[in-house]
Structures are given as structure tokens and as C-alpha cells.
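Order of the sequence lines fixes the chain letters, A, B, ..., with proteins taken first and strands second; residue numbering starts at 1 for each chain.
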Protein chains: 2
Amino acid sequence: MNVIGVIGNKNMSTKNKILDSAEILFADKGFNGTSLREITSQAEVNLAAVNYHFGSKKELIKAVMSRYMSELSPRLESALGALCSNDVKPSLIEVFSAFIEPLLYLNTVKENGTSIFLQLLGRGYTDSQGFLRWFLTTQYPNVFIGFTNAVHKAYPELSAEEMFWRLHFTMGTIVFTMSSSDALIDIALNDFDRQIDIAGVIKQVIPYVAAGVAAPIIK
Amino acid sequence: MNVIGVIGNKNMSTKNKILDSAEILFADKGFNGTSLREITSQAEVNLAAVNYHFGSKKELIKAVMSRYMSELSPRLESALGALCSNDVKPSLIEVFSAFIEPLLYLNTVKENGTSIFLQLLGRGYTDSQGFLRWFLTTQYPNVFIGFTNAVHKAYPELSAEEMFWRLHFTMGTIVFTMSSSDALIDIALNDFDRQIDIAGVIKQVIPYVAAGVAAPIIK
DNA sequence: TTCAAATTCAAACAAGCGTTTAAAATAGCT
DNA sequence: AGCTATTTTAAACGCTTGTTTGAATTTGAA
């Protein structure tokens, strides 16, 4: 039994049926690219149900993201906080590895939850002209603060400006990779005959972003 | 006088007026997010002109990209080819730096050309479910081959699969950063009182991606 | 100048969008 | 069972989308 919604259960609420269908379609085709009619017909509910239960499409998008963020945010905060609370200086690999457990936890909450969430995150940064970015940074600021603090502890020589850019590069790497992870995993399967899952992609990306953030400071 | 279009010239062709308006709107709001009516009214041409001159919106998108790729592709090929033709092993910094001159050349071809092109590239990878990615990889395969060869020469220990992932991470970093570069440059201006331009962003990103690709191989 | 080709134009098309409405159905409490 | 509040439903709303049409206009060579 899932915490988020109930898969394949015909007795679940209209609200959750909509959320479950919406998140998959949003992840696949973007927020702008998915219509309410697609969502409601896949969820097998009436078209008007979205506006009845959520008010508008924009509020539905927020609700889809909040369902994941409410699970992720506290776990991420405590994992990052733990790195900063003791006296030993963490490595950047450790900082980025702090994301693994909370992110993979989403897989136990919902089938493919990790992948869906990261794809949604990617969509949110490119679709809809940044309104979702605003929503996340204002609604869950502690995640960003905790992350910044952890990176600063691991690499104090990095100036605020350099850290700003490198964290955004990192965000870009993760978000872009995940928003096209399905296609990339397909290519990897064809070209290298290697079955890879979302955890495998995360394992590949962490050394990359850790090295990027740790790059020598340019003069 | 610009190679691509003519800025502020009332005597330019309808076709170029459409292309000039379209690329800016596409870069700013994405392909799906920009309507033909926005394009034609900003270009001060009739709505039907797009379908008359280009056939469809999809063909217009291709034409916008092709105008830049035809300038960029040969310069990129020769810059990357030069790295591979002699006997000295290039550093990864050199490989990525090979992109700078061809990319900045787009600025001489069109005002803000570099920034616009990179934003369009970012849009193309997330909007429209990857049809533009297909278009670019099939239409300009030599750029990808040259890049792969150059990276292999700089870092031969990297397996094909690891290189595949790291190049896609790199692509993600660049493309994502550039598709939101306007917002990022604004934030940098507010938070650090630093005027930064697209060339400045490129300078920041190269050490990052070079270090990422050069990261130690995971076991 | 004439005439055919190329281009521009206003208008309309069919289709899809998010949202609203008011009636019908259901659920939950007394 | 009866009544109220909640939820579901079909239909329509007003608007925007990409595309097409056919007539008006401009262009360029003979």
C-alpha cells in the first residue's frame, strides 16, 4: 500500500486518481504539453473534477509537486543538517550522496517515484517560465539553505558567487538528465546492452557533479 | 550588416522578419509557448505568411535552428578536428574551450546570437518531446562525432559508456544553464552586484564541465 | 504596357484549451 | 427515511491555437 495514492485500486478518491494520472503525464509531456482532458480521461474522472477539487490547473501542478516535496523535504533537511552538525569536514561526494537516500525513498512511497519526481523537477524549471521554481524556493527554502551550508562546509574556499554558479550548473545537470532520463536509459540499453535504472544514473552523476563543484577556482 | 537577417531594416524580406522575431520569442518562451500570432504580429507580417513561406510551425522551428547550425557546424567541426589531427594530447579544458570561438562567432553574425542559440538549444531538448534533438543529431552528426573523438583523445581511459553519460551530463549543464541564463544573470546582478554576460557564463561553466568529465572513474 | 507568377491580406476554419454552470447523483448524519 | 452537504456529470462558455481559403495586391520579365 502506497503512501501517495493507491495503485490499481478502483476505490481510491477522485483527488488521488487525478494526482496519479497528472504526475505521469506532466513528467512525460511537460505541464504546458498536458491538457486537463488527457489527465481526467486517463484518471477516468469527469473533466470538471480538476477545477472542483483543485481550483485550477496551476493549483493542480502545485499539489502534484507538494505531494513529493512533503516527503522529500524533511528527509533532505535532516540528511544535510547531519553533515553540518558535527565537526568533521564532509567531502563533496558526501554532500551529494546525502541526496541519494531521501530521493530513493520516493521509490518506496510510489512506484517509480524517484524518477517521476526528478522529471517533474526538470519540467518545472523549463516549462511555465519559472513559476514552479518560485514556488519551490519560497515554499521549501530550508532545502536550499541546507544544501548551500553543506557545500560551504565541504569547500569553504568557494566564494558565494562561484558557489551560486556551480550549484546552478549542478541543478542543471541533475534536472536535465532526469527530465530526459527515459530516453537516455533507452539509448544506454541499445548501445551498451546494459540495463540501468534511476539509481544507476544517480551513481553516475554524483562523481560528475562533485568534481564539477570541486573544480579549481578560475582566476 | 548582419549575415543572419538585418536588424531594424524595414526593407528586409518577410521570411527573415519572421525568423528574427521567431527566434527571440522561441528562446524566451519556448516553442510550445509561442504562438504564430505572437510571431507574426511582432514581425509585422500577416499571420498566413508563416505557412506560406515555411509550410508549418514545425518547419519554422527547423529553419530557425538551421540558420545558426549552418554557421556553427563547420566552425565547430574544424576546431574539434584540429585538436585530433596533431599528435599532442589535448586537455579537457582545451576540448571544451574549442567551443568558445565558434559559439561567440554567432555574436558577430547576429546581436546576442550566442545567447539566443544556446537558449534555443535548451528549449529544443525539453520542449516538443525531443523532436529537435532528433533533427540536430541526424542533420549534424559530425559535431557529435568530432566532440566524442576529442574527448576520447583527451581522456582515453574513459569507457564508451562512461563517456556517454558524462557527455550527456555536460550537455545538460550547458543547455539547462543557457535556457535559464537570463534569470540567472539577473540574480547574479542583484545578489553580487556583478554585471555578467553570456561569455562570462561560458567562462564559469567550462572549468565545471571539464572537471566533471575528468572525474575519477567509479568502481 | 501587359500578363502571369509570386506574395500579401482579411477572414474563416475546425480543433483544442481551461473554466463555469446548473442539474443530477451520491453520501453522511439525525 | 428524510434532509442537507458533498460530489459527479454533461454541456456549454469564451478564447486561443495552427492552418486554409480565395480574393486583392505587388512583382518582374516580355
pair B/Phe96-B/Phe147: side-chain heavy atoms closer than 4.5 Å | yes
Out of B/Ile39, B/Val64, B/Ile24, which residue meets the side-chain contact (heavy atoms from CB on, under 4.5 Å) rule with B/Leu19?
-> B/Val64
Under 3.5 Å, is there a donor on one side chain and an acceptor on the other for [X] and [Y]?
{"X": "B/Thr170", "Y": "A/Tyr208", "answer": "yes"}
{"X": "A/Ser56", "Y": "A/Glu59", "answer": "no"}
{"X": "A/Tyr140", "Y": "A/Glu77", "answer": "no"}

What is the distance from CD1 of B/Ile18 to P of D/dT19, rounded to the nearest Å?
-> 13 Å
Whole-Å gap separating P (D/dT19) and CZ (B/Phe54) = 13 Å
Nucleotide by nucleotide, 5' to 3', does protein get under 4.0 Å of the base (B), only the sugar-phosphate (S), or neither (-) in nucleotides 7-19 of chain C, counting heavy atoms?
-> BBBB-B----BBB
